[in-house]
Amino acid sequence: MWTDVELRLQQLKEIRRSARKKYLKEIDDQFVAALISYDESKLKTGLLCDDTVLAAAAWRTLYGFRPVDPRLLEAIVSYIRMQVDHLDSLNTEDIMHRGSVTFLPIKSIIHHIPSE
């Protein structure tokens, strides 16, 4: 992941090296915060924690406590659960040899939320 981030930042040639380093540090901080947040939700009752705990972790990580439509947050929790089930169903040997993982499309969840 970090190699990919570094390569993408290098493609932005107009950004100074010091700025790239700063951006990389910010991305790293956000990644660590997300991991801690999601680990907190897993620690409550394992991977099948209460939806409110997982929703709080997703809200903090994705929206930084900004107001959000609760239906969207509910859809995100549903997507996370479906994604975890999907990842659990993948063959680890295939992942190790192919080097890539498939993810479910999030649009299938989000588009069901009515707009206001």
Atom CD of Glu74 and atom CG of Asp51: how far apart are they, to the nearest 0.5 Å? 8.0 Å

Rounded to the nearest 0.5 Å, what separation is found between the CD1 atom of Ile106 and the OH atom of Tyr79? 5.5 Å

For side chain to side chain contact (heavy atoms under 4.5 Å, CB included), just list the numbers for Leu72 and Tyr63, CA-CA rounded to whole Å, side-chain angles, deciding distance to a tenth of an Å, and then say yes or no. CA-CA 11 Å; Leu72 180 59; Tyr63 295 99; 3.0 Å; yes

Hphob cluster co-occupancy, Leu90 + Met96, side-chain heavy atoms under 4.5 angstrom: no

Between Gln83 and Leu104, is there a donor-acceptor pair closer than 3.5 Å when you use the side chain of the first and the backbone of the second? yes

Quick one: does any side-chain atom of Trp59 pair with a main-chain N or O of Pro67 as donor and acceptor, under 3.5 Å? no

I'd like to know if the side chain of Ser89 and the backbone of His86 have a donor-acceptor N/O pair within less than 3.5 Å. yes

In Å, rounded to the nearest 0.5 Å, how long is the span from OG1 of Thr102 to CD1 of Ile95? 7.5 Å

Nearest heavy-atom approach of Ala58 to Ile80 is CB-CD1, 4.3 Å

Value for NE2 (His97) from OG1 (Thr92), rounded to nearest 0.5 Å, stands at 10.5 Å

Working to the nearest 0.5 angstrom, can you tell me the gap between Leu54 CG and Ile76 CD1? 10.0 Å

Measuring from Lys25:NZ to Lys22:NZ, what's the distance to the nearest 0.5 Å? 12.5 Å

